[in-house]
Trainee: 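Dumping the structure here so I can ask a few things about it.
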Amino acid sequence: MQDIESIIVERAIVHILDNNSDTPILGEIEQEIDEEIHEFLVKHIIKSLRDDDNRKAKFRLGKNSVIEACKEIFDNEENFIEASKKIANRMFRIMKTNNNISSCDLVVCIFSSNDSKYIGILKLDYQKSFVHEIEYIENYFKVSIIPQDIGLPGLNQKLQKCAFIRNLNDENDYDMIVLDKQNYSQDSEIARFFIDEFLNSEIIIDNKYKTKMLKKAVEKWTRKNLKEDLEKALEVREEVNNVLKNDIEVDIQKISENIFKDDESIREKFILNFEEQGIDPAQPFEIDKSWVNKKMNKKVIKTDTGFEIKGIFEDFDDMMKFNIKRNGDGTVDIIVKNVRSIVEK
């Protein structure tokens with residue numbers, strides 16, 4: 001589902017969930033889908049499906065009004081409006097338990113791609129925007145800029161929370177793609193409500209997530225633990241990049257042994273870093289090459305002396321174009337080779 005390139009939105013309905021109200025305003029009639037509305041929904045859905053932060057998830061066992069509503073829709077699309085109300089009501093009940101959960105318009109839709117149908121649940125959090133207001137006062141026009149507190153995310157903005165459910169089957173390795181950009185460090189209850197409470201689902205730790213977190217965790221650990229040892233930091237990054245680019249699977253323990261040799265103490269710290277991310281370092285995993293090809297095609301180097309170098313990833317490994325000379329005193333010289341022309345921007 002994450003590779004979907006084009007979709008058709010077939011049906012949609014909007015429900016207003018205002019945390020300051022005692023009851024939600026539930027739509028009784030479907031949204032008319034003209035060209036502009038179709039573009040609005042399609043762009044948000046495609047953008048969210050391609051977002052690097054989305055995850056595969058599976059509904060937990062047990063009673064769940066969201067999964068029941070989705071089953072009703074998949075079984076018979078005539079149930080669409082009433083089933084969407086059940087989804088909206090569940091969201092609203094959870095919102096009322098915490099006033100910090102933002103009010104929204106909740107869009108439930110059915111869309112299709114490659115002869116398969118999916119249900120989309122889009123939480124459109126309100127954005128402050130500004131519009132003009134025209135008044136006619138004593139034969140004069142007065143045009144004023146006024147705030148609008150219930151604007152919806154524009155086409156160039158990203159949704160914070162949404163889910164895309166496929167036809168439910170016990171044999172599926174996942175039930176949905178879910179996007180939740182909530183920062184867990186800010187408010188754990190708010191952060192968990194969408195995936196844990198509303199969807200009652202569990203995130204799947206797949207090879208894409210492991211590949212992404214390997215790269216992210218290594219960089220975070222290196223910055224924290226090797227900031228005074230530039231040469232070792234370069235070695236760590238080079239080792240991990242080479243594995244991701246050239247190998248089929250990742251063996252974290254083997255990487256640790258290759259880099260840190262007999263330094264058991266630092267090896268243990270390095271491995272613990274992955275355990276904290278939910279990755280078992282004792283279990284090798286297959287590298288998600290599609291993620292690598294997408295995210296590691298370019299490279300950026302920033303130095304503490306204020307320089308920033310950008311380029312194609314492979315060019316940094318080309319000795320005819322780029323070289324890092326180790327000076328032996330904890331510093332390096334970065335050399336860009338065989339330059340014939342320079343343009344300032």
Trainee: Indicate if Leu179 and Ile177 have the same hydrophobic cluster label, given that clusters are the connected sets of ILVMFWY residues with side-chain heavy-atom separations under 4.5 angstrom.
Mentor: no
Trainee: Which atom names give the shortest non-hydrogen contact between Lys289 and Val243, and what distance separates them?
Mentor: NZ-O, 4.5 Å
Trainee: Would you find more than 12 non-hydrogen atoms of other residues, nucleotides or ligands less than 6.0 Å from Ile248 atom CD1?
Mentor: no
Trainee: To the nearest 0.5 Å, tell me how far Asp180 CG sits from Gln160 CD.
Mentor: 8.5 Å
Trainee: Which atom pair, heavy atoms only, marks the closest approach of Trp291 to Asp52?
Mentor: NE1-OD1, 2.9 Å
Trainee: Any sub-3.5 Å donor-acceptor pair from Thr303's side-chain atoms to Thr305's backbone N or O?
Mentor: yes
Trainee: Could you walk me through whether Lys85 and Glu28 pass the salt bridge (Lys or Arg N to Asp or Glu O under 4.0 Å) test, one step at a time?
Mentor: CA-CA 9 Å; Lys85 291 181 184 179; Glu28 301 279 354; 2.7 Å; yes
Trainee: Just by distance, do the side chain of Asp34 and the backbone of Glu36 share a donor-acceptor pair under 3.5 Å?
Mentor: yes
Trainee: After noting the C-alpha distance and the side-chain angles of Asp105 and Tyr126, does the key distance pass the side-chain contact (heavy atoms from CB on, under 4.5 Å) rule?
Mentor: CA-CA 8 Å; Asp105 283 1; Tyr126 296 144; 2.6 Å; yes
Trainee: Counting only heavy atoms from other residues, nucleotides and ligands, does the tally under 6.0 Å from NZ of Lys43 exceed 12?
Mentor: no
Trainee: For Asp196, is there an ion pair with Arg60 - N to carboxylate O distance below 4.0 angstrom?
Mentor: yes
Trainee: Do Val250 and Thr211 come close enough that some side-chain heavy atom pair is under 4.5 Å?
Mentor: no
Trainee: Say whether Ser290 and Asp288, considering side chains only, have a donor N or O and an acceptor N or O under 3.5 Å apart.
Mentor: yes
Trainee: Any sub-3.5 Å donor-acceptor pair from Asn114's side-chain atoms to Ser116's backbone N or O?
Mentor: no
Trainee: Determine whether more than 12 heavy atoms belonging to other residues, nucleotides or ligands lie under 6.0 Å from atom NZ of Lys299.
Mentor: yes
Trainee: Would you find more than 12 non-hydrogen atoms of other residues, nucleotides or ligands less than 6.0 Å from Ile29 atom CD1?
Mentor: no
Trainee: Would Ile137 and Ile145 show up in the same hydrophobic cluster when neighbours are defined by side-chain heavy atoms closer than 4.5 Å?
Mentor: no
Trainee: Measuring only between side-chain heavy atoms, which start at C-beta, is Phe111 closer than 4.5 Å to Phe164?
Mentor: yes
Trainee: Quick one: CG on Leu244 to CD on Glu239, what's the gap to the nearest 0.5 Å?
Mentor: 10.0 Å
Trainee: Can you check side-chain contact (heavy atoms from CB on, under 4.5 Å) on Glu314 and Lys245, steps first, answer last?
Mentor: CA-CA 10 Å; Glu314 284 73 15; Lys245 282 286 189 179; 3.2 Å; yes
Trainee: Atom CD1 in Ile119, atom OG in Ser84: separation rounded to 0.5 Å?
Mentor: 10.0 Å
Trainee: Would Lys123 and Asp125 pass as an ion pair if we require N to O under 4.0 Å?
Mentor: yes
Trainee: Is any side-chain heavy atom of Gln31 closer than 4.5 Å to a side-chain heavy atom of Ile13?
Mentor: no
Trainee: Does Ile301 reach the side chain of Phe322, with side-chain heavy atoms less than 4.5 Å apart?
Mentor: yes
Trainee: Quick one: does Phe198's side chain get under 4.5 Å of Ile121's, heavy atoms only?
Mentor: yes
Trainee: Quick one: do Lys220 and Asn273 satisfy side-chain contact (heavy atoms from CB on, under 4.5 Å)? Show the steps, please.
Mentor: CA-CA 9 Å; Lys220 182 178 179 180; Asn273 181 51; 5.6 Å; no
Trainee: Give me the atom names and distance for the closest heavy-atom approach of His44 to Leu122.
Mentor: CB-CD2, 4.3 Å
Trainee: Would you say that more than 12 heavy atoms from the other residues, nucleotides or ligands in this model lie under 6.0 Å from the NZ of Lys212, or not?
Mentor: yes
Trainee: Ile150 and Val131: same hydrophobic cluster, using ILVMFWY side-chain contacts below 4.5 Å?
Mentor: no
Trainee: What distance separates Tyr174 OH from Lys58 NZ, expressed to the nearest 0.5 Å?
Mentor: 10.5 Å
Trainee: Treating Asp175 as the side-chain partner and Phe59 as the backbone partner, does any N or O pair qualify as donor plus acceptor under 3.5 Å?
Mentor: yes
Trainee: Do the non-hydrogen side-chain atoms of Ile165 and Leu168 ever get within less than 4.5 Å of each other?
Mentor: yes
Trainee: Enumerate the residue pairs fulfilling salt bridge (charged side-chain N to carboxylate O under 4.0 Å, His left out) with a member in residues 225-234, sequence neighbours excluded, ordered by first and then second residue.
Mentor: Lys232-Glu235
Trainee: Which atom pair, heavy atoms only, marks the closest approach of Met95 to Ile101?
Mentor: CG-CG2, 3.7 Å
Trainee: Can you tell me if Ile37 has over 12 outside heavy atoms packed within less than 6.0 Å of its CD1?
Mentor: yes
Trainee: Do Phe194 and Met91 come within less than 4.5 Å of each other through their side chains, counting heavy atoms only?
Mentor: yes
Trainee: With rounding to the nearest 0.5 Å, note down the distance linking CG in Asn207 to CD1 in Ile287.
Mentor: 9.5 Å
Trainee: Does a salt bridge link Glu257 with Lys254, judged by any charged N lying under 4.0 Å from a carboxylate O?
Mentor: no
Trainee: So if you build clusters from Ile, Leu, Val, Met, Phe, Trp, Tyr with side-chain heavy-atom gaps below 4.5 Å, do Leu230 and Ile334 land together?
Mentor: yes
Trainee: Checking Asn54 side chain against Cys162 main chain: does a donor-acceptor pair fall under 3.5 Å?
Mentor: no
Trainee: Set out, in order, the CA-CA distance, both residues' side-chain angles and the distance that settles side-chain contact (heavy atoms from CB on, under 4.5 Å) for Tyr118 and Met176, then state yes or no.
Mentor: CA-CA 9 Å; Tyr118 306 90; Met176 73 191 90; over 6 Å; no
Trainee: Between Arg223 and Glu219, is there a salt bridge with N-O shorter than 4.0 Å?
Mentor: yes
Trainee: Let me check something: do Ile312 and Ile309 share a hydrophobic cluster, defined by ILVMFWY side-chain heavy atoms less than 4.5 Å apart, either directly or through other members?
Mentor: no
Trainee: Are the charged groups of Asp315 and Lys310 less than 4.0 angstrom apart, N to O?
Mentor: no
Trainee: When you check the gap from the basic side-chain N to the acidic O, do Asp51 and Lys181 get nearer than 4.0 Å?
Mentor: yes
Trainee: Would you find a donor on one side and an acceptor on the other, under 3.5 Å apart, between the side chain of His38 and the backbone of Val9?
Mentor: yes
Trainee: Within the side chain of Lys161, is there an N or O that forms a donor-acceptor pair under 3.5 Å with the backbone of Ile195?
Mentor: no
Trainee: Which distance, rounded to the nearest 0.5 Å, do you find between the CG of Leu214 and the OH of Tyr209?
Mentor: 11.5 Å
Trainee: Which heavy atom in Lys47 sits nearest to a heavy atom in Gln157, and how many Å separate them?
Mentor: NZ-O, 3.3 Å
Trainee: If you draw a 6.0 Å radius around CZ in Phe141, do more than 12 non-hydrogen atoms from other residues or ligands fall strictly inside?
Mentor: no
Trainee: Other residues, nucleotides and ligands only: do more than 12 of their heavy atoms fall within 6.0 Å of CD on Glu286?
Mentor: no
Trainee: Sequence neighbours excluded and cut-off under 3.5 Å, please list the side-chain donor-acceptor pairs for residues 68-81, or say none.
Mentor:
{"residue": "Glu72", "atom": "OE1", "partner": "Lys86", "partner atom": "NZ", "Å": "3.2"}
{"residue": "Glu72", "atom": "OE2", "partner": "Lys86", "partner atom": "NZ", "Å": "2.7"}
{"residue": "Asn76", "atom": "OD1", "partner": "Glu78", "partner atom": "N", "Å": "3.0"}
{"residue": "Glu77", "atom": "OE2", "partner": "Lys117", "partner atom": "NZ", "Å": "2.8"}
{"residue": "Asn79", "atom": "ND2", "partner": "Glu72", "partner atom": "O", "Å": "3.1"}
{"residue": "Asn79", "atom": "ND2", "partner": "Asn76", "partner atom": "O", "Å": "3.3"}

Trainee: Mind listing the closest non-hydrogen atom pair of Ile203 and Arg55 along with its distance?
Mentor: CG2-NH2, 2.7 Å
Trainee: Taking the basic N atoms (NZ, or NE/NH1/NH2) and the acidic carboxylate oxygens, is any pair closer than 4.0 Å for Asp173 and Arg166?
Mentor: yes
Trainee: Compare all side-chain heavy atoms of Arg340 with those of Asn338 and state whether any distance is below 4.5 angstrom.
Mentor: no
